[in-house]
4 protein chains.
Amino acid sequence: MEPTERRRELLLAAKKIFADKGYHAAGVADIVAAAEVARGTFYLYFKSKRDVFAALLDYIFESLMKRLQAIPLDQPEQILKGLMDNVALVEAFFEEDTEHAQIIIREAMFLDEDSSRRVDEMRHALVEYLVAVVRHWQEAGILRPLDPELVAHAFLGAWREFFEQRVILGNITASSEKILENLIQLFLFGLIDPEHFTLAADHLREIGEEEEANA
Amino acid sequence: MEPTERRRELLLAAKKIFADKGYHAAGVADIVAAAEVARGTFYLYFKSKRDVFAALLDYIFESLMKRLQAIPLDQPEQILKGLMDNVALVEAFFEEDTEHAQIIIREAMFLDEDSSRRVDEMRHALVEYLVAVVRHWQEAGILRPLDPELVAHAFLGAWREFFEQRVILGNITASSEKILENLIQLFLFGLIDPEHFTLAADHLREIGEEEEANA
Amino acid sequence: MEPTERRRELLLAAKKIFADKGYHAAGVADIVAAAEVARGTFYLYFKSKRDVFAALLDYIFESLMKRLQAIPLDQPEQILKGLMDNVALVEAFFEEDTEHAQIIIREAMFLDEDSSRRVDEMRHALVEYLVAVVRHWQEAGILRPLDPELVAHAFLGAWREFFEQRVILGNITASSEKILENLIQLFLFGLIDPEHFTLAADHLREIGEEEEANA
Amino acid sequence: MEPTERRRELLLAAKKIFADKGYHAAGVADIVAAAEVARGTFYLYFKSKRDVFAALLDYIFESLMKRLQAIPLDQPEQILKGLMDNVALVEAFFEEDTEHAQIIIREAMFLDEDSSRRVDEMRHALVEYLVAVVRHWQEAGILRPLDPELVAHAFLGAWREFFEQRVILGNITASSEKILENLIQLFLFGLIDPEHFTLAADHLREIGEEEEANA
DNA sequence: TATGAATGAGCCTTCATTCAT
DNA sequence: GATGAATGAAGGCTCATTCAT
């Protein structure tokens, strides 16, 4: 068999095992069993268990990047549909192959410095993408001039929360579309009833002044 | 030494070790070394390594509950200050003792079913609290009638994202107050410039109709 | 409490525990729990776990001796009843307190050199007693002049086999009286039908001669 | 090295160690030291310390069965020689490799339910074999119609007693042949001098009547 | 390249014994 | 005498990694 193919088989076996059992519970024995190769063969293609996990993160990262690069940022004429389509696309990536999400969210994030750095790169890619979208519509005067990074991180966090609950933990049964729609509405229009915008804004200003006075 | 005291010492030692090295990398040997007791002593107070971790989650949960119970939900006259104060209080709990957060967020969430259930209880307590706040101001007609649970989860997720970045991973240097303030503004007023509310709402409706037509 | 009393309580607790769980599975913790004293108290009366076991063997040995010494060897006029009564008495000792038997047969026999020596003393006492009985009736011309020690050991072994099966392992449900009666009949009259005694004796002689020829 | 061979080496090492030190005192460390392999290698071939012991019992059981199956039950023309040859064969099995006997008699019998069940199977095989022999000669009218199982158990017990004393504990120096010969004589002809058979039988009857009267 | 038997450091846990109170 | 918390040696077992074939 071609070396590259062997390596790929092992990588996919590792993906399945890590997603199933988690990094620590997964053993090299499980991986080679799933790949149907001998124990020693594993070490022909990967330096260690850590190494195959790192390779896995690379693989997932690259897969995600391919998707993101396929999205045009500047064409959408309709802000809402644009946002929804684009975010849905990211969600689809993780939902198509739930193992990806299991690994990224459950395992890689806090496994060690190296892993968390790699996840951070992914997060950064997503954030940059969201930032670009927000900035695009801010420049068009449609969105208010809030810090785009803050918005991106906030949205990412909110979305991750629901994704975790729904896909990883299975605590929510609502459809991903419905959730996403509501989430976007919340982020776009905010909580406050427009009638009370002025009142609310006044309060906000007062609080700021109080705090400055206290400081 | 009084048994209760010894147990507490071991618990705190375990908290430090688990926060430092993570559940898997932490050994009972580390814990007893930190507590400066013999190996066997550990098993006088805890059934196993798992057991001490569970006890730790209980301890953190109870500590957090004490804080939350101290907050009056129905008195705040000012929505913004109320929300900010209350959320800040939760944040303070985790920030005072970063180890708490390390353990809850990095380790407990996905360690196993038992642990994730416990973390879920905590999340639930926080969500319920946020839901109560949102509902309070919805009934007062100040907030729009969005699903309070959705709002609560979204806010929790967004907040967690920043907390992780700032406290656990150290990627952000902005002050927690500033972040919280911006976050609340985002959730309250939304992204869209009020001038374009009507336009945006129209788009939203169109999208809905398109989708129904497609279905 | 009087020291002697305390010691006795511990000894009896140990007897129960050792009989229940066996020497190795029994822990000092079990013994002190059964005796309702503190862990340390145990070591006030016994040097070690081994020590309490040795003391237990002494105790059982003495109890058995008291019984045996109470039996008159020379008065019985009737050989069968005499044998049966006497053997039944030994059996009764172990059956009254099954724990005795559990400990002697299951644990002490092969635990270590010291224990097996003690059990051997007991066995010796029983054998000597049986030897005396056999010899008594041999001198009266009732029993054939077989080696009395051989007879005693053989009987002891056969009896032990049934006792183990019945009391320790629970494999036999027949009453001890019935078994004993049959056993004694077997030992007294033998297997061969008297009609064939001569024939059998001839065979026996032939075999002996063959073997001598082969040697 | 071939797996089967390694496993066999470990099994034999375990046999030696268990026979030497007993189940509890023997450590996996001792076994792997005797087999001159690493600790982990042991667990390549056996699930646990218990497991290797069980495997050992199987091995001994099978070895014994091979011997027993080689014995024709129905051909012997001479009762005495037949019995002696056959029993001697069983004895030889244990005497050739004393470790077998050490393990079966000292350790396995009362270690736990599983072990004692296995030993019981062996005992059963021997008993059945003896029963068949006895029954064979009973049908030929040579032996009296005593319960064959009782006879078999009694003989087995008596034989075990001597075997233990001689081989395991080293208390007897007489040759096994001499002992066996005497034992068989005892079982065949019984203790009572034929001249007194009638007298003895009368006594026996009287005892029975007395007991019935008392009941 | 592929194999899989062998390795051994390292982990969790138990329990007889000690000792300060 | 009595207590029971503390001890730590010892034991069973796992698993990532190596290496001779």
Side-chain angles (χ1 to χ4, degrees), chain A residues 1-3 5-7 10 24-33 35-52, chain B residues 1-7 10 24-32 35-52, chain C residues 1-3 5-7 10 24-33 35-52, chain D residues 1-7 10 24-32 35-52:
Chain A
M1 178 176 297
E2 214 190 325
E5 187 59 23
R6 224 344 98 84
R7 193 188 139 93
L10 277 162
H24 287 101
V28 174
D30 299 312
I31 295 172
V32 296
E36 291 178 313
V37 298
R39 239 178 163 68
T41 306
F42 175 88
Y43 288 90
L44 249 41
Y45 296 96
F46 301 101
K47 271 211 332 278
S48 65
K49 184 183 168 187
R50 241 318 122 73
D51 187 43
V52 75
Chain B
M1 177 174 297
E2 213 190 327
T4 313
E5 187 59 26
R6 204 18 71 89
R7 194 189 138 94
L10 277 161
H24 287 101
V28 174
D30 300 312
I31 296 172
V32 296
E36 291 180 311
V37 297
R39 227 154 227 277
T41 305
F42 175 86
Y43 290 92
L44 245 42
Y45 297 96
F46 302 100
K47 278 212 318 283
S48 62
K49 185 182 163 185
R50 252 297 135 72
D51 188 44
V52 75
Chain C
M1 176 177 297
E2 213 189 324
E5 187 60 23
R6 227 338 101 84
R7 192 188 140 94
L10 276 162
H24 287 102
V28 174
D30 299 312
I31 296 172
V32 297
E36 291 178 312
V37 297
R39 238 176 162 70
T41 307
F42 175 88
Y43 289 90
L44 250 39
Y45 296 97
F46 302 101
K47 272 210 332 279
S48 65
K49 184 183 167 187
R50 242 314 123 75
D51 188 43
V52 75
Chain D
M1 177 173 296
E2 214 190 325
T4 313
E5 187 58 26
R6 209 7 79 86
R7 193 188 139 94
L10 277 162
H24 287 100
V28 174
D30 299 313
I31 296 172
V32 297
E36 291 179 310
V37 296
R39 224 156 232 274
T41 305
F42 175 87
Y43 290 92
L44 244 43
Y45 297 96
F46 302 101
K47 276 212 321 282
S48 63
K49 184 182 164 186
R50 251 297 137 72
D51 188 44
V52 76

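Naming convention: chains lettered A, B, ... in sequence-line order (proteins, then strands); numbering from 1 in each chain.
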Here the salt bridge (charged side-chain N to carboxylate O under 4.0 Å, His left out) pairs for residues 41-51 of chain B, sequence neighbours left out, are B:R50-B:D112
For nucleotides 11-13 of chain F, print each protein N/O atom paired with a nucleotide N/O atom at under 3.5 Å, atom names and distance only.
| unit_1 | atom_1 | unit_2 | atom_2 | d |
| --- | --- | --- | --- | --- |
| F:dG12 | OP1 | D:K49 | NZ | 3.2 |
| F:dG12 | OP2 | D:V28 | N | 3.2 |
| F:dC13 | OP2 | D:Y43 | OH | 3.0 |
| F:dC13 | OP2 | D:K49 | N | 3.1 |
| F:dC13 | N4 | D:R39 | NH1 | 2.8 |

(request) Given side-chain contact (heavy atoms from CB on, under 4.5 Å), test B:L10 with B:V37 step by step and report yes or no. (result) CA-CA 9 Å; B:L10 277 161; B:V37 297; 3.9 Å; yes
From CD of D:E36 across to P of E:dG8 the rounded distance in Å is 13 Å
note: B:I31, atom CD1; E:dC11, atom C1'; distance rounded to Å ~ 13 Å
Checking N1-N3 plus N6-O4 or O6-N4 for Watson-Crick, or N1-O2 and O6-N3 for wobble, each under 3.5 Å, the partner of E:dT18 is F:dA5
If pairing means Watson-Crick or G-U wobble with both distances under 3.5 Å, then the partner of E:dC11 is F:dG12
With a 4.0 Å limit, can you tell me whether A:Y45 has a side-chain N or O closer than that to the phosphate oxygens OP1/OP2 of E:dT1?
no
Whichever of B:T41 and D:L44 has the more 5' nearest nucleotide on DNA chain F, that residue is B:T41
Interatomic distance, CG@A:L44 vs CZ@A:R6, rounded to 0.5 Å, equals 9.5 Å
Exercise for review: Would you tell me if any nitrogen or oxygen in the side chain of B:R6 comes within less than 4.0 Å of OP1 or OP2 on F:dA5?
Suggested key: no
One should read off an interatomic distance between A:T41 OG1 and A:F46 CZ, to the nearest 0.5 angstrom, of 12.0 Å
Output for pair (B:Y45 OH, B:T4 OG1), nearest 0.5 Å, gives 8.5 Å
Here the distance between atom P of F:dG4 and atom CD of B:E5, to the nearest Å, is 20 Å
